[in-house]
Colleague: 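After the structure tokens below, expect a handful of questions from me.
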Amino acid sequence: MGIVTTILITGTNGKTSICHILKEVFRQAGIPLQSNIHWHDDRTERAADYFTAVEESRARGEPMVYILEVEESEFAYFAEQLQADFIVLANLSRNQLNLYGELDSLVSNLKRGLELAPQAQAILCADDPLVAYIGAEIEDKERIHYYGLDAHELNELDNRSEHFLIEAAHCNYCGAELEYRGLSFSNFGDYYCPNGDFQRPERDLEFSQLGEGQKCSRLRFDFPDVKNLELELLMPSLMNAYNAAAAALLARLFGLSAEQTIYALGRCLPPRGRFERFNSPMGNFCLLRADNPEAYNATLAWALQQEDFGGLMLSLDQTGQEHSSDLSWLWDILFEKLPFAGQIGITGNRKYDLALRLRYASVAKGRLELAQNDLELLARFLNRAKSKTVYWLLDKSGSHRMRPELAARASSELDQWRQILNAGGSLSLGSAKMTGECAYSEIHEQPERKLTAKDSMGLVSLQRDRSEKNLDHRLRLAYLYPAELNLYGDRGNVLCLGQRARSRGIELEVHTIGRKDELNPSLYDLYFMGGGQDSDQGLVYQDFIQKAPEIRLAIESGAVFLCICGAYQLMGKHYLTAEQKLTGLGILPLETRAGEERMVGELLFLMNGAKPATERTAADLARDPNYLLGYENHGGETFLEASATPFGQVLYGYGNNLRRENEGAIYKNLYGTYAHGAFLPRNPAMADRLLELAWRHRYGDLPFPKSQSADEYAMACRAEAFKRLGLSNGDLED
Ligand code: GLN
């Protein structure tokens, strides 16, 4: 290592926090440093702006540590250009897939980055199999160092019953299902491959979370040379404990002593806008940040457990992404499990999408308070919260929009803490009182929603409140391969069908069918199969072919199929990925080949045979059931044979291929489409159409029961999309 040290930090969650912690640790040790993360004004600069500075420092031979947060997609480039000395890979989960496409490509990019910086010491999270897999692939094991939670504690943390997907469900070497002894987040655990091909690696730093309070965590660190080091971290939550562990391991490898590291860790503060508490004359509120399902789930669960919880606000802005905007991840948030029955305030320019998502999580309309004006809404919530705290979760653009305004009106506790720490004082936040118990009274009002193994996608709970009279109005849906094919919000389609069926007094019973499960076609009226990564399609296609006779029988008998993207491709003759040929069922006369570029963004198409609307205000288009909205994200291009019937004609986006002409294909009651999104919630008329076809399949001429569902949020989302995509005109009259 030269006199100049470059540190690159990447991963889905925790990058900024790890940077902050490291900066503090090095600052305390009196080491000169520069970073692209600025605590005071919550600013992040592009890491590329530091290239020249690093070069100059190297030329001058001045001691300097550069701590740079880099986006996952840019990591390999920076690792090579800067010849990084240290690299931190925090975790990997679905995030910004509109930029990254599939997680597999991110994994190979990060692995390439490690290879391109062969001198770098790499600090990896052992508990995340996707990260550990990258470490396992690096030949020089000496430079790979792992941190992770104490095995006993990890095994105690079993939230499997609350999850509907595990991000890393399979062994990367043999494809077998990974076994998890305990599971936290969407794929942290003490995992192993049943065939012995892969397991959680040994840790160089193991930590325990001894207790958790509202404002801090009590942690114990065990380094190989020094054990049992306890500290109070002024950043609450398990996520931050992981962040602190990553920073601590790096500090030790850099050469700081264990005592020095632990002392400095105890003086770190969270980044702005994350676990940041404000006091105002009107009341107290706490800002939280989340931009992906993993962070959303963890942060929301944390907020709802706080003793002083007095209200929940959510904001979704997503500015700057208008035309590729991907909100499919909202359907991967565990809103169904929200153990909370109070009001939810919603703001931001994508508030209707958020409201629609919550409605399909069975949150009653009366509990949703949507507002244009954030401050007015906050005032209302603070007023209700009295002496308790309003927790407000924002995405990045929402936080950048609101935080400066809020900081001008209320005093941030972090500033007060900073002053005390800068004056050489210390903070004791009373960790003795720490408790994992939830004291919020409303939390017990919801019925308990423990799930069974069969309910792996969190769907069976939808049927719990059926009433006796519904029992004969039953339809059954087979949900194929949810463990493998679950990207881009597809699960939302099943939630939508379930709830819309219920609004007609129909019980939709959902059965998940995985690899090796039997499929009895006489049971089902509806089938759903979603999209996934090429590798996940590779895991299921042979089993799918095995099930071909049953599936063919079902389709010919008029059962209803909704097959999205990866599933749609496998209903065709084959999909030639960049690596292999995946044979399909050939039920749809079409074939798919890996294209020159990935097709990502909003998708709008007009149903085949339908006439374009003559009235084109956003509200008119929103009401027109033939205009179908989705979100696409695929590398495969599909080409229809002459005998195929397209699902529709593309109005915006790509559809089947780069020619942007037709979209999807239909055969009998099988609908194949590239529209993720989730597709059905934003196209409720299509959901009803599928339900009616399924009803006819089961009950023939018996009248299809009427619906009582109101679609105002769906209509608002649709209208907003038509305006955003520039499809509507004359909107002034709306
Ligand atoms: N892996 C396939 C592709 O990239 C399917 C993707 C998807 O289901 N969205 O084309």
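Everything numeric here is computed off the predicted structure, so don't read it as measured data. For ligands, and for the atoms within them, numbers begin at 1 and follow the listed sequence.
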Colleague: Could you check whether any heavy atom of N633 sits closer than 4.0 Å to an atom of ligand 1, since that is the contact criterion I want to use?
Modeller: yes
Colleague: For atom 1 (N) of ligand 1, what's the nearest protein heavy atom and its distance?
Modeller: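 Looking at atom 1 (N) of ligand 1, the protein heavy atom closest to it is D534 OD1, 2.6 Å.
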Colleague: Counting from 1, what ligand 1 atoms have a heavy atom of R598 closer than 4.0 Å?
Modeller: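 Answer for ligand 1: 4 (O).
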Colleague: Distance to 0.1 Å, residue and atom name: give those for the protein heavy atom nearest to atom 7 (C) of ligand 1.
Modeller: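 Here the closest protein heavy atom is C565 SG, 2.8 Å.
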Colleague: State plainly whether the residues R718 and D624 are in salt-bridge range, i.e. N to O under 4.0 Å.
Modeller: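 The answer is no: the pair does not qualify as a salt bridge.
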Colleague: Out of all atoms in ligand 1, which are within 4.0 Å of some heavy atom of G636? Include the element for each.
Modeller: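 Per the distance check, 3 (C), 4 (O), 10 (O).
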Colleague: State plainly whether the residues D127 and R200 are in salt-bridge range, i.e. N to O under 4.0 Å.
Modeller: yes
Colleague: Quick check, are the ring centers of F647 and F605 under 6.0 angstrom apart?
Modeller: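 Centroid distance F647-F605: below 6.0 Å, so yes.
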Colleague: So, is G566 polar-close to ligand 1, with some N/O to N/O distance under 3.5 Å?
Modeller: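 Yes.
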Colleague: Judging by distance only, is a nitrogen or oxygen of H634 under 3.5 angstrom from one on ligand 1?
Modeller: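 Among all N and O atoms of H634, none is under 3.5 Å from an N or O of ligand 1.
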Colleague: Numbering the atoms of ligand 1 from 1, which are under 4.0 Å from a heavy atom of Q537?
Modeller: 1 (N), 2 (C), 5 (C)
Colleague: Can D543 and K516 be counted as an ion pair, charged N to O under 4.0 angstrom?
Modeller: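 Salt bridge: no.
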Colleague: Has ligand 1 got any nitrogen or oxygen that is less than 3.5 angstrom from a nitrogen or oxygen of G531?
Modeller: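 It does not: no N or O of G531 is found under 3.5 Å from an N or O of ligand 1.
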Colleague: Do the two ring centres, one from Y173 and one from Y133, sit under 6.0 Å apart?
Modeller: yes
Colleague: Among all protein heavy atoms, pick out the one at the shortest distance from atom 4 (O) of ligand 1; state its residue, atom name and that distance to 0.1 Å.
Modeller: G635 N, 2.8 Å
Colleague: State, yes or no, whether a side-chain contact exists between Y674 and I564 at a heavy-atom distance under 4.5 Å.
Modeller: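 No; the side chains remain at least 4.5 Å from each other.
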Colleague: What protein heavy atom lies closest to atom 5 (C) of ligand 1? Include the residue and the distance to one decimal.
Modeller: G532 O, 3.3 Å
Colleague: Could you list the atoms of ligand 1 found under 4.0 angstrom from a heavy atom of Y488?
Modeller: 7 (C), 9 (N)
Colleague: Under 3.5 Å between any N/O of I564 and any N/O of ligand 1: does that happen in this structure?
Modeller: no
Colleague: Quick check on contacts: which atoms of ligand 1 are under 4.0 angstrom from a heavy atom of H676?
Modeller: 7 (C), 8 (O), 9 (N)
Colleague: Looking only at N/O atoms, are Q569 and ligand 1 under 3.5 Å apart anywhere?
Modeller: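 Such a contact does occur with ligand 1.
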Colleague: Looking at R491 and D332, is any side-chain nitrogen of the basic one under 4.0 Å from a carboxylate oxygen of the acidic one?
Modeller: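 Salt bridge flag = no for R491 with D332.
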Colleague: Atom CD of residue position E550 - does it have more than 12 heavy atoms of other residues, nucleotides or ligands inside 6.0 Å?
Modeller: yes
Colleague: Give yes if a backbone or side-chain nitrogen or oxygen of Q533 is under 3.5 Å from a nitrogen or oxygen of ligand 1, and no if not.
Modeller: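 Such a contact does not occur with ligand 1.
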Colleague: For H511 and Y524, I'd like to know if the aromatic rings sit close, meaning centre-to-centre distance below 6.0 Å.
Modeller: yes
Colleague: Decide ring-ring contact (aromatic ring centres under 6.0 Å, His included) for F198 and Y191; before the verdict, give the C-alpha distance in whole Å, the side-chain angles of both, and the deciding distance to 0.1 Å.
Modeller: CA-CA 8 Å; F198 182 52; Y191 49 85; 5.7 Å; yes
Colleague: Once ring-ring contact (aromatic ring centres under 6.0 Å, His included) is applied, what residue pairs with a partner in residues 528-559 remain, sequence neighbours excluded?
Modeller: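 Sorted pair list: Y479-F528.
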Colleague: Is there a heavy atom in Y575 that sits closer than 4.0 Å to ligand 1?
Modeller: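 The answer is yes, since Y575 has a heavy atom less than 4.0 Å from ligand 1.
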